[in-house]
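Below is one structure; the comments refer to it alone.
Note that this is a predicted model, so its numbers are computed, not measured.
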Amino acid sequence: MLPPTPSQTVGPYYGTALPFPGGGDLAPPGHPGAVTLHGHVYDGEGTPVPDALLEFWQAAPDGSLAGAPGSLRRDGRAFTGFARVPTCRDGHYELHTLLPGGVPYLALCVLARGLDHHLFTRVYVTEPPGDPLLSALPPQRRATLRARPEPGRPNTYRFDVKLQGEDETVFLEWRHQQLHRNDEG
């Protein structure tokens, strides 16, 4: 077996090539269950990261994970389960989506300048009792995975990503064995 090759450093050109129109609009326009998830990406010194790229995967409200074609060309009706949003100059991002069913979180992949590897984490809108990941974390670390309702802004949640330092977001290890598990059995 050949050893894995290292990932290339992300950027600096991905920020102009990968975002696409409507990339953060998972919820069909006018959908009554639509929510806004927004926040900032910060580096280890608390400085906003202006050119990060966030990819979200999630279950549909009915819990289905099949997704739908059309992620890169939104048709305004299909819920694809995938979104890609860049951060702005102030490190802010915004996503319009529907709350997932079946699993209580959105999966998030963070790509940013200076990272040799993209980072994986989860965004919990609720804190379900008995969730294996949340239960295994101390309360302070658990809080880094929780999106908070925005006071005065109905159906709006805030989730900041902190790449390093105090209150660093909990990032998850992606094991390549998981990708090939079905091939081995």
Side-chain angles (χ1 to χ4, degrees), residues 1-20 22-24 26 37-59 65 67 71-72 80-95 97 100 103-125 127 131-148 157-185:
M1 173 189 280
L2 296 174
T5 57
S7 295
Q8 294 181 349
T9 300
V10 176
Y13 303 110
Y14 73 88
T16 59
L18 293 178
F20 56 94
L26 273 168
L37 177 69
H38 77 106
H40 288 81
V41 177
Y42 296 104
D43 68 12
E45 297 180 5
T47 303
V49 177
D51 52 1
L53 190 66
L54 307 178
E55 292 185 342
F56 294 87
W57 290 274
Q58 68 169 96
L65 296 172
S71 291
L72 299 181
T80 64
F82 175 76
R84 181 182 290 152
V85 293
T87 56
C88 300
R89 287 183 179 186
D90 64 355
H92 185 257
Y93 73 92
E94 188 166 296
L95 172 73
T97 189
V103 294
Y105 60 84
L106 290 79
L108 171 59
C109 176
V110 180
L111 303 105
R113 175 174 16 113
L115 295 177
D116 289 337
H117 299 275
H118 42 285
L119 302 171
F120 295 98
T121 190
R122 291 180 179 175
V123 180
Y124 286 84
V125 177
E127 192 168 323
D131 181 86
L133 175 61
L134 295 178
S135 298
L137 297 171
Q140 184 178 2
R141 301 293 292 144
R142 186 181 316 142
T144 70
L145 298 179
R146 180 79 196 278
R148 303 283 179 202
Y157 298 87
R158 181 173 181 130
F159 182 79
D160 292 327
V161 177
K162 297 179 181 171
L163 299 175
Q164 290 179 315
E166 189 173 330
D167 297 327
E168 176 184 320
T169 300
V170 170
F171 295 106
L172 307 171
E173 180 180 357
W174 180 269
R175 296 185 181 175
H176 292 285
Q177 294 90 343
Q178 294 172 336
L179 294 174
H180 305 291
R181 186 173 36 203
N182 292 337
D183 297 337
E184 296 172 358

Treating [X] as the side-chain partner and [Y] as the backbone partner, does any N or O pair qualify as donor plus acceptor under 3.5 Å?
| X | Y | result |
| --- | --- | --- |
| S135 | P132 | no |
| T97 | L26 | no |
| T87 | A52 | yes |
| R84 | G24 | no |
| T121 | L108 | no |

note = On a heavy-atom basis, the closest approach of Y93 and P86 is CB-O, 4.0 Å
ask   = For the residue pair C109 and W57, what are the closest heavy atoms and their distance?
value =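 Heavy atoms only, the tightest pair is CB-CZ3, 3.5 Å.
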Test applied, side chain to side chain contact (heavy atoms under 4.5 Å, CB included); reference residue, P100; option that passes from L106, L65, V123 =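 Among L106, L65, V123, the one meeting side chain to side chain contact (heavy atoms under 4.5 Å, CB included) with P100 is L106.
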inquiry  = Looking at K162 and E168, is any side-chain nitrogen of the basic one under 4.0 Å from a carboxylate oxygen of the acidic one?
reply    = no
Would you check if [X] and [Y] make a side-chain contact, meaning some heavy-atom pair closer than 4.5 Å?
| X | Y | result |
| --- | --- | --- |
| L54 | L95 | no |
| Q140 | D167 | yes |
| R113 | P50 | yes |
| V85 | E94 | no |

message = Could you work out, with salt bridge (charged side-chain N to carboxylate O under 4.0 Å, His left out) as the rule, every residue matching R158, not counting sequence neighbours?
response =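 Expected list: D160.
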First locate atom [atom1] of [X], then atom [atom2] of [Y], and finally report the distance between them rounded to the nearest 0.5 Å.
| X | Y | atom1 | atom2 | value |
| --- | --- | --- | --- | --- |
| L145 | L172 | CG | CG | 7.0 Å |
| T47 | Y42 | OG1 | OH | 10.0 Å |
| R122 | T144 | CZ | OG1 | 12.5 Å |
| L53 | H118 | CG | NE2 | 11.5 Å |

inquiry  = Determine whether E127 and R142 satisfy the following criterion, side chain to side chain contact (heavy atoms under 4.5 Å, CB included), listing intermediate values before the conclusion.
reply    = CA-CA 9 Å; E127 192 168 323; R142 186 181 316 142; 3.0 Å; yes
query = Should F171 and V161 be marked as a side chain to side chain contact (heavy atoms under 4.5 Å, CB included) after you check the CA-CA gap, both sets of side-chain angles, and the distance that decides it?
reply = CA-CA 10 Å; F171 295 106; V161 177; 4.1 Å; yes
query = Between F82 and F20, what is the ring plane arrangement, given parallel below 30°, perpendicular above 60°, and tilted in between?
reply =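 F82 vs F20 ring planes: parallel.
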message = Assess the residue pair L133 and Y105 against the criterion (side chain to side chain contact (heavy atoms under 4.5 Å, CB included)); give the C-alpha distance rounded to whole Å, side-chain angles, the decisive distance to 0.1 Å, and a yes or no.
response = CA-CA 11 Å; L133 175 61; Y105 60 84; over 6 Å; no
